[in-house]
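All remarks here apply to the structure that follows.
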Amino acid sequence: MAAFPEVDKIRYEGPDSKNPLAFRWYDEDEVVEGKSMKDHLRFSVVYWHTFRGNGTDPFGAATMIRPWEDGTDSVDNAINRARVAFEFMEKLGAPYYAFHDRDVAPEGATLAESNKNLDAVAAVLKEEQERTGIKLLWGTANMFSNPRFVHGASTSCNADVFAYAAAQVKKALEVTKALGGENYVFWGGREGYQNLFNTDMKREFDHLGQFMHMAVDYADEIGFDGTFLIEPKPKEPTKHQYDSDAAACINFLRAYELTDRFKLNIETNHATLAGHTMMHELDYAGHQGLLGSIDANTGDLMLGWDTDQFPTNIYLTTEIMLMLLKHGGVAPGGTNFDAKVKRESFEPIDLFYAHIGGMDAFARGLKIAAAIRADGEVEKLVKDRYASWESGIGAKIESGSENFKTLEAYMLEKGEVAPNQSGRQELIENLINGYL
Ligand code: XLS
Ligand code: NI
Ligand code: NI
């Protein structure tokens, strides 16, 4: 029985459509900068928020109405839910999805039982992937919900917990490979600390590095060649997460010699929590050659936690798409909606409204970003701003031929620097607004 009988396949109807169950901007076949929107954006639906989110918050119980749920944590219920998930994704027209092991299948009393449950549901996921053509963007392991992970997983003070986490990731990698997953994500979970007085930070970082190498080794052993992604986040649940932002993650990857297999999965709300903009995090990861994928959501500037809202702000999606286009696109990563409907939006149909809005916001952002790039006005302003590096002393410095002594000689002779130019911030902001 269909879970969403009142919803047909969501179609592109153009900007004038008043149909709330249609795309106004996302036309998957429309070509932008030589590539279809579908290939640029690579939209992905997350299993945890969309099919496991129940609307609880620290002050209240579940609110979501999900008629297909039978209220048990059985494998049967999980299998039925998987079928519903694919009905949803197929109607939405999202080409990808992502999950944690424990989202899709119930945790058993033992590791063996958990693995068995996961296999049973994975078989259905495979069947549904084949039926619909929807693909797995990435898999990951939930190593933060169960109380055993109270002190973290690979950075736990308890060696048994490290071993358990290793076994769990081993299995999650096998399942991700079996389902053709194109990436594998590590979000830090509880890898971090609450108090440095009781924490051996160096030892914990070394364990984290060791763990990642074990993951790479095992991936090689089973022939999983997807990209590994680390997802930076500065706080929540621990006060100080080890993967706090793009720069910290990249330093970790370099220090432990992991950059050949790892890239970053940048999430909007995490960037905000780190005191950065999403644009900053994307540009930083991008110019380091380590931009792998994005978790598309947004926070609330009045709330200091990870509210994981659906992105609807066109200015934000324009900034994101400018960065993705600049750095050569997001593939083999994707635009993964790590976002949840609000607790008050408890009807199943709200899941469609939320995703349609996010996809349209990104499609618009893509078109606006492409227009900005095609006009080249903004690019020219930036180029002019750095004109002093194109010739003369600037070009010489960049070529590596100068040193402190030659530069002193240059400046002693010249006496004072050439006049600075205006930064033109307001002009450039006005220009951007002109495209929106
Ligand atoms: C939590 C993270 C999480 C990861 C997957 O804040 O965003 O959802 O994306 O473990
Ligand atoms: Ni998050
Ligand atoms: Ni995320």
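Just so you know, ligand 1 is whichever comes first in the structure, and atom 1 is the first atom listed for that ligand. All residue numbers in this chain count up from 1 along the given sequence. Given the structure is predicted, the values throughout are model-derived calculations rather than measurements.
Side chain to side chain, E28 and Y12 fail the donor-acceptor criterion of an N or O pair below 3.5 Å. In summary, the side chains of T238 and Q194 do not present any donor paired with an acceptor at a separation below 3.5 Å, with no hydrogens or angles considered. Residues E107 and N117 bring no donor and acceptor atom of their side chains to less than 3.5 Å of each other. Between the side chains of N297 and H270, no donor N or O sits under 3.5 Å from an acceptor N or O. In this model, a donor atom of one side chain and an acceptor atom of the other lie less than 3.5 Å apart for D101 and Q168.
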Ligand 1: which protein N/O atoms lie under 3.5 Å from its N/O atoms?
{"unit_1": "ligand 1", "atom_1": "6 (O)", "unit_2": "K233", "atom_2": "NZ", "d": "2.8"}
{"unit_1": "ligand 1", "atom_1": "6 (O)", "unit_2": "H270", "atom_2": "NE2", "d": "3.1"}
{"unit_1": "ligand 1", "atom_1": "6 (O)", "unit_2": "D306", "atom_2": "OD2", "d": "2.9"}
{"unit_1": "ligand 1", "atom_1": "7 (O)", "unit_2": "E231", "atom_2": "OE2", "d": "2.7"}
{"unit_1": "ligand 1", "atom_1": "7 (O)", "unit_2": "E267", "atom_2": "OE1", "d": "2.7"}
{"unit_1": "ligand 1", "atom_1": "7 (O)", "unit_2": "E267", "atom_2": "OE2", "d": "3.4"}
{"unit_1": "ligand 1", "atom_1": "7 (O)", "unit_2": "H270", "atom_2": "NE2", "d": "3.3"}
{"unit_1": "ligand 1", "atom_1": "7 (O)", "unit_2": "D338", "atom_2": "OD2", "d": "2.7"}
{"unit_1": "ligand 1", "atom_1": "8 (O)", "unit_2": "W48", "atom_2": "NE1", "d": "3.3"}
{"unit_1": "ligand 1", "atom_1": "8 (O)", "unit_2": "D338", "atom_2": "OD2", "d": "2.9"}
{"unit_1": "ligand 1", "atom_1": "9 (O)", "unit_2": "E231", "atom_2": "OE1", "d": "2.7"}
{"unit_1": "ligand 1", "atom_1": "9 (O)", "unit_2": "E231", "atom_2": "OE2", "d": "2.8"}
{"unit_1": "ligand 1", "atom_1": "9 (O)", "unit_2": "D295", "atom_2": "OD2", "d": "3.0"}
{"unit_1": "ligand 1", "atom_1": "9 (O)", "unit_2": "D338", "atom_2": "OD2", "d": "2.9"}
{"unit_1": "ligand 1", "atom_1": "10 (O)", "unit_2": "H100", "atom_2": "NE2", "d": "2.6"}

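In this structure, W68 has its ring center closer than 6.0 angstrom to the ring center of F4.
Note: F23 and Y26 have perpendicular aromatic rings, judged against thresholds of 30 and 60 degrees for the angle between ring planes. Ring-plane geometry between F205 and Y256 is classed as parallel, the angle between the planes falling under 30 degrees on a 0 to 90 degree scale with a further cut at 60.
Neighbouring protein atoms of the Ni ion (ligand 2) (N, O or S, distance under 2.8 Å, waters ignored): E267 OE2, H270 NE2, D306 OD2.
Stacking of R148 on the aromatic ring of Y164 is recorded, both the 6.0 Å distance cut-off and the 45° axial limit being met.
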